> 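Okay, here's the structure, questions in a sec.
The shown structure was predicted, so the numbers you read here are calculated from the model rather than taken from an experiment. Naming: A, B, ... by sequence-line order, numbering from 1 per chain.
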Amino acid sequence: MSDISPETNPLDRYSRQMRFPGMGKAGQQKLLASRVTLCGCGALGTVLANVLVRAGVGFIRVVDRDFVEPSNLQRQVLFDESDVADNLPKAEAAATKMRQINSTVTVEPVVADIDRTNIEDLTRDADLILDGSDNFEVRYLINDVAVKHGKPWVYGGAVGSQGMSMTILPGETPCLRCVFEAAPNPGDVGTCETAGVLAPTVNIVASYQATEALKILSGNLAAVNRELLTLDVWENTNRRVKVAPLKGRKGECPCCAKRQFEWLDGAHGTQTTTLCGRNAVQVSHRAANRLDFDQLAATLRASGAVTFNKFLLKFNVEEKGDPFEFTVFPDGRAIIKGTSEPDRARTLYAKYVGH
Amino acid sequence: MAIKVQVPTPMREAAGGNAEVAVAGATVKDALADLVRQYPALQSKLFDGGKVRPYVNIFVNDEDIRYLDELDTAVQDGVTVALIPAVAGG
């Protein structure tokens, strides 16, 4: 028995990665023993999940609130047409693909909206938090929880041909609020809906994020990029700007200097979220018990068409000539398509789903 | 040679479609005043009640003005002033 087959040596699959001097066998073993929470599994998130699972990160929790739609397939690399046809939640569809790619690591899908009530539970056992989200509400929440508990995290953003990334090592580098004091209002900066997005933009940004993750998890903190990366793949610009002196913003950063976790404490954040790239609003409502879809479907059939599986219920209804599509999740959360107005969405939710 | 202000994509429509605008001034404040004089629609994109909007960062030759002299940071011909807002999507 001189041969070492893949079955007898589980590290063989990582041989090219281990041959890279910065990683080595020691780095690989750290990856295998590490735990990551991936917040959001859309364009950035699927690229991140793909790299991490192939690299052998030992435990990956994938959290996403959404389900796979046809317009995702242009850039969300883990999904295909069958996921759309099956109406699968992104976290579940991603987990299935990830297990096919690497069955030797643990993948935990969580179909949930990340908010201040669950983010500490979702990240408590993680060594690193990765931003695969598409909105600043989640990013400021991640920033709060990461600074509060001293966990590293990697921000990434992508719109059109523009991308941005920054690595946050609490206590060592500026936090997100040191650099960007407040979230932009919807409409003040581009969104996927107004500006569109090219797949290479998200692939490149997420690949930078993934590289930072590999450095951190393999114990190569000295290699971490401590500058703000900004790039434009269409205009051929790629620059790193110095942000290190902003750390703590002369003692005035509410988050990392004053340790006021305003997003986590609920001083910021709302019950409704306008979704990037779609004429839709998410209404968050924590139901005391999981919804009974059989019962809800029976009620809603009087007003419109209803279909459901164990993950979600779809309901189409017309009001004053405007068509709306509800996607309701068992935890009471709903995405209402056909409006970008939070108030109208709240009203529609109250009218059909309740509360 | 003038001072170059790089205008980010979400603000270009308000800047006549330009990615870069040549301005004059001795400080960042003067340079931005000249920018807004040329393209008044940029006023509300950049400022909120006289203060720079909190998600727009201003860099002079890749250095953030918040650790230089803020809006009083000196600029001269040949310098690049980059306006860099947070990038949302993903």
> What distance separates B:Phe59 CZ from A:Thr230 OG1, expressed to the nearest 0.5 Å?
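Separation between the atoms: 8.5 Å.
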> Between A:Arg240 and chain B, with a heavy-atom cut-off of 4.5 Å, which part of the residue counts as in contact: side chain, backbone, both or neither?
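Answer is backbone: N, CA, C or O of A:Arg240 sit under 4.5 Å from chain B.
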> A:Ser133 versus chain B, heavy atoms under 4.5 Å apart: side chain, backbone, both or neither?
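It is the backbone, since no side chain atom gets that close.
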> Below 4.5 Å from any heavy atom of chain B, which atoms of A:Asp232 appear? Answer side chain, backbone, both or neither.
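The side chain, not the backbone.
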> Is atom NZ of B:Lys29 surrounded by more than 12 heavy atoms (other residues, nucleotides or ligands) closer than 6.0 Å?
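For B:Lys29, atom NZ is not crowded (no more than 12 foreign heavy atoms under 6.0 Å).
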> What is the minimum heavy-atom distance between A:Arg239 and B:Ala82, and which atoms define it?
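That would be NH1-CB, 3.6 Å.
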> Can you tell if the side chain of A:Glu227 reaches within under 4.5 Å of the side chain of B:Asp62, non-hydrogen atoms only?
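A:Glu227 vs B:Asp62: side chains apart.
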> Quick one, A:Thr237 with B:Gln6, criterion side-chain contact (heavy atoms from CB on, under 4.5 Å). Give me CA distance, side-chain angles, the key distance, then yes/no.
CA-CA 12 Å; A:Thr237 59; B:Gln6 293 180 339; over 6 Å; no
> Using every non-hydrogen atom in the two residues, find where B:Ala86 and A:Phe136 come nearest and quote the distance to one decimal.
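Closest approach of B:Ala86 to A:Phe136, heavy atoms only: CB-CZ, 3.4 Å.
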> May I ask you to check whether over 12 heavy atoms, not counting those of B:Glu70, lie within 6.0 Å of atom CD?
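Enclosed: over 12 neighbouring heavy atoms sit under 6.0 Å from CD of B:Glu70.
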> Taking side chain as everything from C-beta outward and backbone as N, CA, C, O, which of these in A:Glu235 sits under 4.5 Å from a heavy atom of chain B? Side chain, backbone, both or neither.
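Looking at A:Glu235, just its side chain touches chain B.
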> Given the options A:Val243, A:Val205, A:Val202, A:Leu246, which has more heavy-atom pairs under 4.5 Å with chain B than any of the others?
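Most pairs with chain B among the choices: A:Leu246.
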> How close do B:Gly89 and A:Arg139 get, counting heavy atoms only, and between which atoms?
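In this case the closest contact between B:Gly89 and A:Arg139 is O-NH2, 3.1 Å.
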> Heavy-atom distances under 4.5 Å only: say whether A:Cys178 touches chain B with side chain, backbone, both or neither.
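It is the backbone, since no side chain atom gets that close.
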> Salt bridge or not between A:Glu181 and B:Arg66? Use side-chain N to carboxylate O under 4.0 Å.
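So A:Glu181 pairs with B:Arg66 through a salt bridge.
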> I would like to know whether B:Val87 and A:Phe180 meet side-chain contact (heavy atoms from CB on, under 4.5 Å); could you show each step before the answer?
CA-CA 10 Å; B:Val87 176; A:Phe180 296 105; over 6 Å; no
> Which distance, rounded to the nearest 0.5 Å, do you find between the CG of B:Asp64 and the CZ of A:Arg249?
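Taking CG in B:Asp64 and CZ in A:Arg249, the distance rounds to 7.5 Å.
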> Quick check: do A:Pro245 and B:Glu63 have side-chain heavy atoms less than 4.5 Å from each other?
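No - every pair of side-chain heavy atoms lies 4.5 Å or more apart.
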